[in-house]
Amino acid sequence: MSVWEKGKRGMLFTSGREATGTAAEEAEKCENFSRDYEEECFAFEDVSCYNCRYRRWTRDSFECMNREKMI
């Protein structure tokens with residue numbers, strides 16, 4: 001089961017803002033991960049979608065603006 005679905009601007013991370021393990025696993029698999037500036041990082045893990053410069057926060061989660069694989 002995918003944790004991604006098509007969002008308004010990019011790919012929506014359906015697991016929300018509290019799925020730190022899943023966000024880290026997804027970032028490890030992502031060829032486009034690029035760590036954001038320190039003051040913009042959210043997670044304790046260095047490699048996490050929550051710390052990526054391509055994520056844009058939504059009310060409940062975030063959208064990835066650089067995922068190649070569109071579902």
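Computation of the quantities below employed the complete heavy-atom set of this structure, encompassing side-chain atoms and omitting hydrogens, waters and symmetry-equivalent molecules.
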Considering all heavy atoms, the nearest F42-N51 contact: N-OD1, 2.6 Å

Linking I/L/V/M/F/W/Y whenever any side-chain heavy atoms sit under 4.5 Å apart, do F33 and W57 land together? no

Closest approach of R55 and C52, non-hydrogen atoms and distance? CG-O, 3.0 Å

Test item: N32 side-chain N/O and R67 main-chain N/O as donor-acceptor pair under 3.5 Å: no

Work out which heavy atom in E45 is nearest to a heavy atom in A24; give both atom names and the distance. CG-CB, 4.2 Å

Output, in order, the C-alpha distance, side-chain angles, deciding distance and verdict of side-chain contact (heavy atoms from CB on, under 4.5 Å) for T14 and S61. CA-CA 7 Å; T14 60; S61 187; over 6 Å; no

Do we see a donor-acceptor contact under 3.5 Å between the side chains of R53 and S34? yes

Can you name the nearest heavy-atom pair linking R9 to R56, along with the distance? NH2-CB, 3.4 Å

Using a strict threshold of under 4.0 Å (side-chain N to carboxylate O), is an ion pair present between D46 and R35? yes

Are Y50 and V47 linked, directly or through intermediate hydrophobic residues, by side-chain heavy-atom contacts shorter than 4.5 Å (ILVMFWY only)? no

CA sep, side-chain torsions, deciding dist, call: E63, K8, side-chain contact (heavy atoms from CB on, under 4.5 Å): CA-CA 8 Å; E63 288 187 59; K8 292 179 182 176; 4.1 Å; yes

Which atoms form the tightest heavy-atom contact between C49 and E26, and what is the distance? SG-CB, 3.8 Å

For the residue pair F62 and F13, categorise the inter-ring angle as parallel (less than 30°), tilted (30 to 60°) or perpendicular (more than 60°). parallel

When rounded to the nearest 0.5 angstrom, what distance separates OH in Y54 from CE in M65? 11.5 Å

